[in-house]
Amino acid sequence: MEDPWPVVVVGAGPTGVTAARLLAVHGVRCVVLDRWPAVYPRPRAVHLDDEVCRILHRAGVHEQFAAISRPAEGLRLLGPDHRVLAQFSRGTAAGIHGHPQANMFDQPRLEAILRRAVADDPLVTLRGGVEVTAVHADGAGAVAVAVTDRGSGERAALRARYVLGCDGANSTVRTQVGSRMRDFGFAQRWLVVDVDTDAAIDAWGGVHQVCDPRRAATYLRVGARRHRWEFRLLPGETAAAVSTPATLRELVRPWTGDVPFEALVVLRCAEYTFRAQVADRWRAGGVFLLGDAAHLTPPFIGQGLGAGLRDAANLTWKLASVLAGGLPDAALDSYEAERRPHVTASIRLAVGVGRAMTRGGEVGDLLRRAVAPRLVHVPGLRARVLDSTTPALRPSALRRRRWVPWSRAGRLCPNPVLGDGRRLDDVLGSRFAVLVAGPVPGEVAAEARRRRVVLVPVEPGSALGRWLGRGGARAALVRPDRTVMRTGADAAALLRAAPALPLRRVPHRGPE
């Protein structure tokens with residue numbers, strides 16, 4: 001019997017391809033299967049925060065992403081008459097994580113970058129134009145994946161140690177493993193309009209949110225030529241009726257002003273139902289769900305695609321360690337234990353923001369008019385509204401419990417510029433690291449080299465030193481996904497807690 005693939009990834013969207021790329025970074029071979037032969041050309045996701053940009057850095061595409069993205073300047077709340085109720089402005093320079101806090105981009109361009117990265121990687125095989133029809137345990141310690149070529153109709157079967165279901169909201173993998181979506185009771189119909197134009201649209205460079213119980217709307221400048229509008233559809237209203245040139249002209253006029261509608265090239269005008277759902281089970285044996293296959297969120301805080309990339313970053317290094325014998329298979333249960341509460345908190349926040357901006361009728365409108373202008377004067381609120389920091393991960397087998405509120409465990413470590421001019425992420429690569437305040441004993445440095453753990457001495461007065469000090473720790477064990485696994489005073493003990501990770505090797509491409 002043919003040896004199984006270490007990993008089969010179902011779905012070649014950003015989550016699936018990022019997962020494949022991160023697996024390859026750790027030396028893990030995989031095959032990516034997708035029903036489409038090439039990148040889906042229509043724009044969809046348009047925002048990633050600075051935490052997620054660090055994942056793209058690990059995938060080796062951060063410079064290319066920076067070249068196609070633009071930082072957003074904050075959030076502006078508008079009333080139904082488009083008068084500014086409140087504005088929360090942010091700078092566009094790199095923040096604590098080494099990237100701008102909000103980054104706008106065109107999804108097909110990001111997908112093209114990711115696909116070029118895996119196309120050049122001998123550890124990744126990408127097969128387009130194939131349909132995955134069945135996924136099940138094969139009784140020999142592997143997972144069987146049934147595949148049909150969409151062009152020829154030819155059927156084939158693959159075997160894998162692990163399967164990653166990254167196949168979207170209508171996931172075949174999720175259906176095959178019997179997982180169901182839990183609904184949070186939120187569903188709104190919106191019209192999404194993407195436009196390309198070289199006309200000068202003189203609009204503020206942040207996100208515009210129209211807080212209107214009748215016709216809520218969002219505007220985002222995605223790039224030099226790209227613009228997006230989202231308009232909530234009224235009960236009984238059809239997308240076709242709102243998509244006529246005459247209606248669209250009036251909807252976008254508050255932003256376009258005197259720009260002729262004929263100067264706007266509508267790339268996409270589609271109805272979406274914004275939903276809030278989380279799968280009730282993310283793992284079934286060797287099969288895992290990631291991205292939209294595991295969760296759906298309304299777009300009000302811009303975390304939809306980012307959540308999928310966080311899934312990939314969380315799971316892939318653990319798979320690599322299990323495949324290398326550094327962790328037991330049971331450690332993979334930490335994926336759902338960590339990611340499900342994290343994404344649930346994000347979805348609940350998105351639902352709350354959406355309801356606050358769109359509900360309440362005339363009373364809600366009056367309250368927003370009265371309260372919103374005062375929000376910018378609440379101490380600390382401006383920073384909180386613009387803060388891209390996400391919650392700490394819940395405890396798991398690979399994330400020690402936090403005993404004090406200020407503990408760094410479960411949170412991302414920062415990514416400051418170090419004394420040699422490099423950022424921390426450039427030093428760490430995709431390995432475990434121990435950050436140590438003060439001098440490092442020679443025997444500890446030798447143990448770090450033996451275990452292939454990056455040892456980073458931290459100056460007490462540096463950005464990292466202050467961060468450690470505020471967390472009440474002298475040392476921190478940092479996972480490859482940049483999450484702090486545990487902290488303490490004994491760097492040697494932290495080193496011993498780091499699981500083994502494989503060094504990358506480039507074998508033959510394996511079974512075809």
Side-chain angles (χ1 to χ4, degrees), residues 40-47 72 75-82 104-108 168-170 183-197 199 201 203-204 206-223 225-257 259-277 292 296-305 347 350-351 353-361 364-365 368:
Y40 184 73
R42 300 297 186 186
R44 284 155 292 157
V46 294
H47 170 268
L75 171 67
R76 177 179 282 180
L77 302 180
L78 307 174
D81 56 2
H82 286 256
M104 313 305 295
F105 68 99
D106 178 40
Q107 181 172 333
N170 298 314
D183 197 280
F184 286 69
F186 183 92
Q188 290 186 354
R189 295 168 55 246
W190 286 65
L191 186 74
V192 178
V193 182
D194 286 284
V195 162
D196 178 87
T197 183
I201 296 180
W204 180 68
V207 177
H208 299 219
Q209 180 63 53
V210 180
C211 304
D212 185 351
R214 184 177 182 276
R215 178 77 79 192
T218 305
Y219 164 75
L220 313 95
R221 184 170 196 132
V222 178
R225 299 176 54 95
R226 280 281 322 285
H227 305 260
R228 168 171 290 183
W229 285 270
E230 298 170 353
F231 301 101
R232 187 176 179 186
L233 295 172
L234 306 180
E237 190 174 49
T238 66
V242 182
S243 301
T244 64
T247 303
L248 286 180
R249 179 185 293 110
E250 295 307 311
L251 288 174
V252 303
R253 190 187 298 276
W255 292 275
T256 58
V259 173
F261 185 75
E262 292 71 24
L264 309 180
V265 178
V266 178
L267 302 175
R268 182 186 66 155
C269 191
E271 177 181 338
Y272 277 80
T273 298
F274 295 160
R275 299 188 184 278
Q277 298 178 336
D292 285 357
L296 297 172
T297 181
F300 301 112
I301 60 172
Q303 286 296 318
L305 176 57
I347 291 172
V351 169
V353 169
R355 286 173 172 161
M357 292 179 176
T358 63
R359 287 194 171 183
D365 187 33
R368 282 185 286 267

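Residue indices begin at 1 and follow the sequence shown.
Each of Glu230, His227, Arg226, Arg44 was evaluated against Asp194; a single residue qualifies, Arg226, per the side-chain contact (heavy atoms from CB on, under 4.5 Å) test. None of Thr256, Leu220, Leu248, Val210 except one satisfies the side-chain contact (heavy atoms from CB on, under 4.5 Å) rule with Trp229; the exception is Thr256.
Taking every heavy atom of both residues into account, Ala203 and Tyr219 meet most closely at CB-CE2, 3.7 Å. Taking each heavy atom of Ala276 and Pro298 in turn, the nearest pair found is CB-CD, 4.0 Å. Among all heavy-atom pairs drawn from Leu191 and Glu271, the shortest one is CD1-N, 4.3 Å. In plain terms, the two heavy atoms of Asp106 and Pro108 that are nearest each other are OD1-CD, 3.2 Å. Taking all atoms of both residues into account, the shortest heavy-atom contact from Ala350 to Phe300 is O-CD1, 3.4 Å. Scanning all heavy atoms of the two residues, the minimum distance from Thr247 to Ala241 falls at OG1-O, 3.6 Å.
Atom CZ of Arg355 sits about 8.5 Å away from atom CD of Gln188, to the nearest 0.5 Å. Taking CZ of Arg215 as the start and CG of Leu234 as the end, the distance is 4.0 Å to the nearest 0.5 Å. In this structure, CD on Gln303 lies 7.0 Å from NE2 on His47, to the nearest 0.5 angstrom. Interatomic distance, Leu233 CG to Tyr272 OH, rounded to the nearest 0.5 Å: 13.0 Å. Between Arg253 atom CZ and Phe261 atom CZ the span is 10.0 Å, to the nearest 0.5 Å. How far CH2 of Trp204 is from CG of Leu78: 9.5 Å, rounded to the nearest 0.5 Å.
Under the 4.5 Å side-chain criterion, counting only non-hydrogen atoms from C-beta, Trp190 is in contact with Thr218. Phe231 has its side chain within reach of Val252: a pair of non-hydrogen atoms, C-beta onward, lies under 4.5 Å apart. Counting heavy atoms from C-beta outward, Met104 and Arg221 have side chains that stay 4.5 Å or more apart.
No donor-acceptor distance shorter than 3.5 angstrom exists from the side chain of Thr297 to the backbone of Ile347, with no hydrogens or angles considered. Of the possible donor and acceptor atoms, none in the side chain of Arg275 sits under 3.5 Å from a partner among the backbone N and O of Phe184. Remark: the backbone N or O of Leu296 is not paired with any side-chain donor or acceptor of Gln277 at under 3.5 angstrom. Checking side-chain atoms of Gln209 against main-chain N and O of Ala217 turns up a donor-acceptor pair under 3.5 Å.
Other residues, nucleotides and ligands place more than 12 heavy atoms under 6.0 Å from the CZ atom of Arg249. In Arg268, the CZ atom is crowded: over 12 heavy atoms of neighbouring residues, nucleotides or ligands sit closer than 6.0 Å.
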